[in-house]
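The structure appears below as structure tokens.
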Amino acid sequence: MPMMTRDVLLEMELEEDDEEDGDIALENLEQTNVSGFGSLKSQQDFRTPEFEEFNGKPDSLYFNDGQRRIDFVLVYEDESRKETNKKGSNEKQRRKRQAYESNLICDGLQLEATRSLVDDKLVFVKVHAPWEVLCTYAEIMHIKLPLKPNDLKTRSSAFDNFNWFTKLLQVDESIIKPEQEFFTAPFEKNRMNDFYIQDRDTFFNPATRSRIVYFILSRIMYQVRDNVKKFGINKLVNSGIYKAAFPLHDCNFSTPSEDLSCPNERYLLYREWAHPRSIYKKQPLDLIRKYYGEKIGIYFAWLGYYTQMLLLAAIVGVACFLYGYFTEDNCTWSKEVCDPNIGGQIIMCPQCDDECPFWSLNVTCESSKKLCIFDSFGTLVFAVFMGVWVTLFLEFWKRRQAELEYEWDTVELQQEEQARPEYEARCTHVVINEITQEEERVPFTTWGKCIRVTLCASAVFFWILLIIASVIGIIVYRLSVFVIFSVNLRKISNGTDPIQKYVTPQMATSITASLISFIIIMILNTIYEKVAIMITNFELPRTQTDYENSLTMKMFLFQFVNYYSSCFYIAFFKGKFVGYPGDPVYWLGKYRNEECDPGGCLLELTTQLIIIMGGKAIWNNIQEVLLPWVMNVFGRCRTVSGAEKITPRWEQDYHLQPMGKLGLFYEYLEMIIQFGFVTLFVASFPLAPLLALVNNILEIRVDAWKLTTQYRRMVPEKAQDIGAWQPIMQGIAILAVVTNAMIIAFTSDMIPRLVYYWSFSIPPYGDHLDYSMEGYINISLSIFNTADFKSGVKENPYAGSKYDTCRYRDFRYPPGHPQEYKHNIYYWHVIAAKLAFIIVMEHIIYSVKFFISYTIPDVSKSTKSKIKREKYLTQKLLHENHLKDMTKNIGVIAEKMIGAVVDNNLRPKSD
């Protein structure tokens, strides 16, 4: 559409260029900015907001006249009252701000300024969008608005017969009333009569008003330099010209507003959603969506649905854990480890060179008992169940998401999403659109795009290599410190010492390495967050959705390697390539590879998961709850004067913490990482879903409390779905089947025990007359002659030892055998069984997953019918209204024509 330019632009040829986005060449102005309710002809002819004194109404959401609603608030520090008054710099900032505010007024917005009551240096500029501006930009932004009330949307539930129970979980409808449903269509000014406009003041709700005003604020310009115009409130806030920009909360969270016209939605959300007493209730999703926008609403809808599905997984996980706990006494192989006549008589080989001593097998008694709880048949059942559960969760969430798209009117959202101002600012290259065959501007050529993608991919790959390097450092630490623990722990302890009973060298190494790994993960995570944002900004995605999806993939790829690499190492690499005592495998030619406990590395993997999951939850709560609370308390203490003053709503909100544009991104990332722990390694820790369930129940209320009490109100944004997180979860679900099958096959000792029970406990390989687990420890530990030890020095470091033989964890022939120290037949049986198990388990679970995915449609039949029905009725309504207008216009024209003919006939003829 044709645009008008704004002339209030400061020409500052000598000013340094800014690093932020928001610059635009003059010739691109008409492609990127919407104008225009007027312009000024001189940069000296600034239009400034009127200053008004606070009217003493702290709950007021209006200008001092009580008529114009405050849609947005801009905050700046008066340059003339700054303590460190750098005249040159302050004057430049003041002129930019004046030009910007003048252009806001030229664009039709109305401004009113009020000085702070607490800090007289602060000035609050209140922004109001009048009816004409709202209508103009609603059409530009393709915002859907009500046509007529919709009586089709009836919500039914399978639990309607249990109203006596579900009523306890529902939010009281007398407190939060259900929203009226409407047929909607993209707004058009020339068809305004078709829309359901009963009251102009309420036709655009506060969230929509704030969204429109933010759209304008992001595109208004304030400066020209070297034929380039600079624009956007984000750039002004980042450069310090404005201190903050935000929409207002509608009232105090703890008490309702005294203003009778205030809906008190913030107070209702705190009372029925964020307050701890509402922890058992369902979330008021419609009110969340109305107050904060669809983007935040869809996040809490997804988090609530995920938490509900975790309840089933937690119940099954606890059942499997209890099965292992109550069958612990039947664990024959653990009894043999703890038996002084069996495990006490088995001498294990040193696990490092030169300094490590021989040790008795029964020192691992306690860890073997714990291992029996997690490494049981219940774990196998639970791993299979979780493979099916994750598919059910994803498929049913798609259906729920489709219902929300219909209910929240975001089915055709992609058609109305606008390009980001930062993208528009770089559109300098002209290309031909393949569809329209018309010229359009893009920020870079195809070659330039390839260069950017290559550089971005290289940067991400570099940081992934950095994580791998940190993992290698942790492995080196484990290999080095294990020797110290092996020597020192056994020197300071005897056979009955509690230290030796509960803290083995393997456990001490595992716990300290896990803690160090967690610290490194947090440090790298903090640094990479900033790097990922820089890379994505350089990549320059077109829309906000594209931007977030690109950032999501980069961040998750990094976080995947960062959080899961240590778990993958323990599960699939540790203890797998160690050789045997006479010929150990050395890592980097110097460090002898780690060995697992005689029962395997499963317990160590469980320990790693508990530390990372628990540490991450504690760290996130400190960041999300404690930090903003302390900052807000500190800010209030710093600004409160001697006598308490009644402060207006905008000043109260200013002293809250800003949420940030990527605040919700980090919430998603936190939950997806947790989803990975719950699914990828659940075979080693059946209680992971229970921990995740408890965490998420608290997480929902903590996030709600944080949004309603500690943070400024975010700019409402539209969202159709959860974005790139959906395919990421699908990828995790597919990978989880493989990882859990391999954990059971290669990390746990379940397959070797089953092979022994069914094949090697009875003739021809075994001596038992019936299937039994007795003797498993003896066959799972190979024999080694101490005279065959090798070392870096010439002599055998263990020559002259009182032990002639020792045992080690492997399946090899004993010394003296024709194939001594070669893998025996039991080893090959176990390998064949492991491979067969992986193939069978994967095929069964994948078959079930694909069958479930095929039988459960992404959109339910009823939702499809409702969407089609609404679309039909909407088009019919618009068509009928259009026909009425045409008929009316034709009737008027016909009456005029008939009137003209009659007048012509009645006029006397001239002679």
Side-chain angles (χ1 to χ4, degrees), residues 316-317 319-337 364 367-387 567-568 570-576 595-609 679-688 736-762 765-766 771-781 809-811 826-845:
V316 178
C320 293
F321 174 81
L322 293 177
Y323 171 82
Y325 180 79
F326 288 117
T327 58
E328 179 185 354
D329 295 337
N330 300 327
C331 191
T332 306
W333 66 271
S334 178
K335 291 181 180 179
E336 291 183 350
V337 171
T364 62
S367 62
S368 69
K369 290 180 180 178
K370 297 173 187 175
L371 190 60
C372 286
I373 299 175
F374 297 102
D375 194 2
S376 65
F377 179 73
T379 302
L380 172 60
V381 174
F382 189 54
V384 175
F385 167 79
M386 287 300 292
C567 296
F568 273 100
I570 295 173
F572 306 124
F573 295 98
K574 183 181 176 182
K576 304 300 185 294
E595 298 181 32
C596 295
D597 277 336
C601 286
L602 190 68
L603 189 61
E604 186 174 347
L605 178 59
T606 303
T607 304
Q608 180 82 0
L609 285 174
T679 54
L680 291 174
F681 306 102
V682 74
S684 66
F685 189 40
L687 294 181
V737 178
V738 179
T739 56
N740 284 300
M742 294 183 68
I743 285 172
I744 293 174
F746 293 106
T747 309
S748 78
D749 242 14
M750 184 178 297
I751 302 300
R753 290 200 302 268
L754 290 174
V755 171
Y756 175 80
Y757 181 82
W758 292 106
S759 299
F760 283 78
S761 63
I762 58 175
Y765 301 109
Y771 300 108
S772 173
M773 282 302 298
E774 294 181 2
Y776 170 73
I777 288 297
N778 185 57
I779 198 173
S780 65
L781 298 174
R809 175 184 162 84
D810 208 343
F811 307 112
Y826 184 47
Y827 170 83
W828 299 111
H829 275 73
V830 169
I831 289 295
K834 288 180 176 181
L835 296 177
F837 171 80
I838 292 175
I839 293 172
V840 172
M841 180 177 173
E842 285 183 359
H843 279 67
I844 291 175
I845 297 180

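Values reported hereafter were calculated over all heavy atoms of this structure, with side chains retained and with hydrogens, waters and symmetry mates removed.
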Query raised in the report: What do the steps show when you test Phe760 against His829 for side chain to side chain contact (heavy atoms under 4.5 Å, CB included), and what is the final call?
Result: CA-CA 10 Å; Phe760 283 78; His829 275 73; 3.8 Å; yes
Measure the spacing between [atom1] of [X] and [atom2] of [Y] and express it to the nearest 0.5 Å.
X      : Y      : atom1 : atom2 : answer
Tyr771 : Leu754 : OH    : CG    : 13.0 Å
Leu603 : Ser748 : CG    : OG    : 12.5 Å
Thr332 : Tyr757 : OG1   : OH    : 9.5 Å
Asp749 : Ser368 : CG    : OG    : 11.5 Å
Ile570 : Leu605 : CD1   : CG    : 6.0 Å
Ile743 : Ile838 : CD1   : CD1   : 11.0 Å

Determine whether [X] and [Y] make a side-chain contact, defined as any pair of heavy atoms from C-beta on separated by less than 4.5 Å.
X      : Y      : answer
Thr747 : Met742 : no
Leu371 : Trp333 : yes
Lys834 : Pro752 : yes
Phe681 : Asn740 : no
Tyr323 : Phe377 : yes
Asp810 : Glu595 : no
Phe374 : Ser684 : no
Tyr325 : Cys372 : no

Distance-minimising heavy-atom pair for [X] and [Y]:
X      : Y      : answer
Cys320 : Gly378 : SG-O, 3.2 Å
Ala383 : Ile845 : O-CD1, 4.4 Å
Glu842 : Val737 : CA-CG1, 4.0 Å
Glu336 : Glu774 : OE2-CA, 3.3 Å
Ala833 : Val755 : CB-CG2, 3.6 Å
Thr379 : Ile744 : O-CD1, 4.4 Å

Report task. Determine, stepwise, if the pair Tyr765 / Ile779 fulfils side chain to side chain contact (heavy atoms under 4.5 Å, CB included). Result -> CA-CA 11 Å; Tyr765 301 109; Ile779 198 173; over 6 Å; no
Report task. Just jot down the ring-ring contact (aromatic ring centres under 6.0 Å, His included) partners of Tyr756, sequence neighbours excluded, or say none. Result -> Tyr776
Query raised in the report: Of all residues at least two apart in sequence or in a different chain, which pass the ring-ring contact (aromatic ring centres under 6.0 Å, His included) check with Phe572?
Result: Phe568
**Report entry** Pair Arg753 + Asp375: basic N to acidic O under 4.0 Å
**Finding:** yes
Report task. State whether the side chain of Lys369 and the backbone N or O of Ser334 hold a donor-acceptor pair below 3.5 Å, judged by distance alone. Result -> no
